[in-house]
Amino acid sequence: MKHQYLINTPLDTAVLEYIKEIQNTGTTHGTETISVCESCGRVTANAVYAKICSPHYTACAMDGIALKSSLTFGAAQTSPVQLSSCDYTEVDTGDPLPYGADCVVMVEDLVESSGKILLHDSAVPWQNVRQIGEDICAGDMILPSYSEITPAAVGAMLAGGVLNILAVKRPVVGIIPTGDEIIPPCDNPKDGDIIEFNSSIFKGILETWGASALVYPIVKDDRDLIVSALKSAVSECDAVILNAGSSAGREDFSAYAIENIGKIIYHGIAIKPGKPAVLGICGNVPVLGVPGYPVSGIIVLEHILK
């Protein structure tokens with residue numbers, strides 16, 4: 001598309017066309033194998049299936065005693081069943097169910113008398129017992145593809161024996177601050193100095209979206225220097241934010257730099273503030289020229305880059 005400066009393109013039209021242009025370059029997400037323990041907040045790249053059952057053994061679900069339920073049949077408040085130590089096994093929650101037992105009576109229901117245990121209620125088979133695969137069965141789908149991983153999902157995957165998964169790779173977004181007057185943050189700026197804090201704002205926003213941000217050193221208002229910095233960022237990042245210099249001032253070189261190594265899709269969006277935004281592509285890497293006014297930059301990130 002021919003570069004037209006500061007056309008007033010409707011936002012929705014610009015975003016849809018921009019996405020289409022990016023897709024036409026073959027741009028897509030990458031994938032990487034990560035530890036499930038570190039996966040909270042990430043997105044699955046494919047479906048995740050359980051490798052083992054949870055629980056993977058027949059387990060006691062209460063603290064108490066394990067025994068054959070038939071030994072308790074007939075127990076009542078007026079005629080309790082008496083159990084000797086050979087009739088049961090003391091167990092804690094999570095213990096394997098002892099061989100020959102088919103139920104657990106929780107400790108709160110036990111009454112001790114003269115070295116014996118009295119039961120005033122009969123038990124039933126599999127009472128207070130967790131059977132194999134009660135929560136998750138081997139082969140069950142725990143998560144479908146492209147699902148955001150929640151804390152509970154992390155637990156479910158680990159319970160299902162899944163230790164590593166294939167996840168959507170976090171996109172790396174490069175941020176290039178530009179300007180002769182821009183200086184790194186300090187507490188003693190001189191007259192005419194402007195503290196560069198947009199990159200810190202943008203970095204925080206990107207990280208809340210699950211992306212990684214790579215902030216480059218400040219580049220002076222020199223066309224060749226900005227072109228060189230952009231070439232470097234495009235080779236290292238999945239997307240690039242060029243801030244500022246997106247308008248038409250004598251030292252606004254964002255559009256020039258993008259067009260020098262790629263192409264401009266739109267320059268000028270019908271939003272305010274943020275109209276001078278530049279939407280471009282360098283190879284298959286989206287590059288946004290973002291105005292220097294912080295609120296403008298935030299709006300462009302929220303409504304276009306996101």
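Keep in mind it's a predicted model, so treat the numbers as computed, not measured. Values below: every heavy atom of this structure, side chains too, minus hydrogens, waters and symmetry copies.
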Less than 4.5 Å apart, side chain to side chain, heavy atoms only: is that true for Leu83 and Ile65?
yes

Enter the distance from Ile281:CD1 to Lys263:NZ here, rounded to the nearest 0.5 Å.
5.5 Å

Of all pairs that satisfy salt bridge (charged side-chain N to carboxylate O under 4.0 Å, His left out), the ones with a partner from residues 186-206, not counting sequence neighbours
Lys203-Glu207

Surrounding OH of Tyr293 (heavy atoms of other residues, nucleotides or ligands, distance under 6.0 Å), is the total greater than 12?
no

Please indicate whether Glu112 has more than 12 foreign heavy atoms, meaning atoms of other residues, nucleotides or ligands, lying under 6.0 Å from its CD.
no

Do other residues, nucleotides or ligands put more than 12 heavy atoms under 6.0 Å from Glu90 CD?
no

Assess whether side chain to side chain contact (heavy atoms under 4.5 Å, CB included) is satisfied between Gln82 and Asp87, documenting all intermediate values.
CA-CA 10 Å; Gln82 294 188 9; Asp87 296 325; over 6 Å; no

Smallest separation among heavy atoms of Ile218 and Pro184, with atom names
CD1-N, 3.7 Å

A side-chain contact here means heavy atoms from C-beta on lying under 4.5 Å apart; do Leu206 and Trp209 qualify?
yes

Which pair of heavy atoms, one from Cys282 and one from Val287, lies closest together, and at what distance?
SG-CG2, 3.8 Å

Which heavy-atom pair separates Ile299 from Pro273 by the least distance, and what is that distance?
CD1-CD, 3.6 Å

For the pair Met62 and Val107, evaluate side chain to side chain contact (heavy atoms under 4.5 Å, CB included) and give the outcome as yes or no after the intermediate values.
CA-CA 8 Å; Met62 294 285 179; Val107 68; over 6 Å; no

Indicate if Ile182 and Ile241 have the same hydrophobic cluster label, given that clusters are the connected sets of ILVMFWY residues with side-chain heavy-atom separations under 4.5 angstrom.
no

All pairs passing salt bridge (charged side-chain N to carboxylate O under 4.0 Å, His left out) where residues 127-136 contributes a residue, at least two apart
Arg130-Glu134, Arg130-Asp135

Check: Phe253 and Asp222 side chains under 4.5 Å, non-hydrogen atoms
no

Would you say Ile149 and Val154 make side-chain contact, with heavy atoms under 4.5 Å?
yes

Which pair of heavy atoms, one from Val129 and one from Cys103, lies closest together, and at what distance?
CG2-CA, 3.8 Å

Is there a side-chain contact between Ile34 and Ile165, using heavy atoms and a 4.5 Å cut-off?
yes

Any ring pair (Phe, Tyr, Trp, His ring centres under 6.0 Å) involving residues 130-151? Give me the pairs, sequence neighbours left out, ordered by first then second residue.
His29-Tyr146

Is there a side-chain contact between Asp121 and Asp109 in this structure, where contact means two heavy atoms from C-beta onward sitting under 4.5 Å apart?
no

Val36 side chain near Leu163 side chain, heavy-atom distance below 4.5 Å
no

Please answer: with hydrophobic residues joined when any side-chain heavy atoms are less than 4.5 Å apart, are Ile265 and Val15 in the same cluster?
yes

Can you check side chain to side chain contact (heavy atoms under 4.5 Å, CB included) on Leu97 and Trp126, steps first, answer last?
CA-CA 10 Å; Leu97 185 69; Trp126 308 114; 4.0 Å; yes

Evaluate the criterion side chain to side chain contact (heavy atoms under 4.5 Å, CB included) for residue pair Val172 and Asp238; output intermediate values, then yes/no.
CA-CA 5 Å; Val172 178; Asp238 300 301; 3.8 Å; yes

Show your reasoning for whether side chain to side chain donor-acceptor pair (under 3.5 Å) applies to Ser145 and Asn46.
CA-CA 4 Å; Ser145 55; Asn46 52 20; over 6 Å; no

Among Leu230, Leu279, Val227, find the one that has a side-chain contact (heavy atoms from CB on, under 4.5 Å) with Ile258.
Leu230

Are Leu16 and Lys20 close enough that some pair of their side-chain heavy atoms sits under 4.5 Å apart?
no

Quick check on the hydrophobic clustering: are Val43 and Val48 connected, directly or via other members, by side-chain heavy-atom contacts under 4.5 Å?
no

Closest contact, heavy atoms only, Gly274 versus Ser296:
N-OG, 3.4 Å

Under a 4.5 Å side-chain heavy-atom rule over Ile, Leu, Val, Met, Phe, Trp and Tyr, are Val173 and Phe197 clustered together?
yes

Here the pair of heavy atoms bringing Ile136 nearest to Ala159 is CD1-CB, 4.4 Å

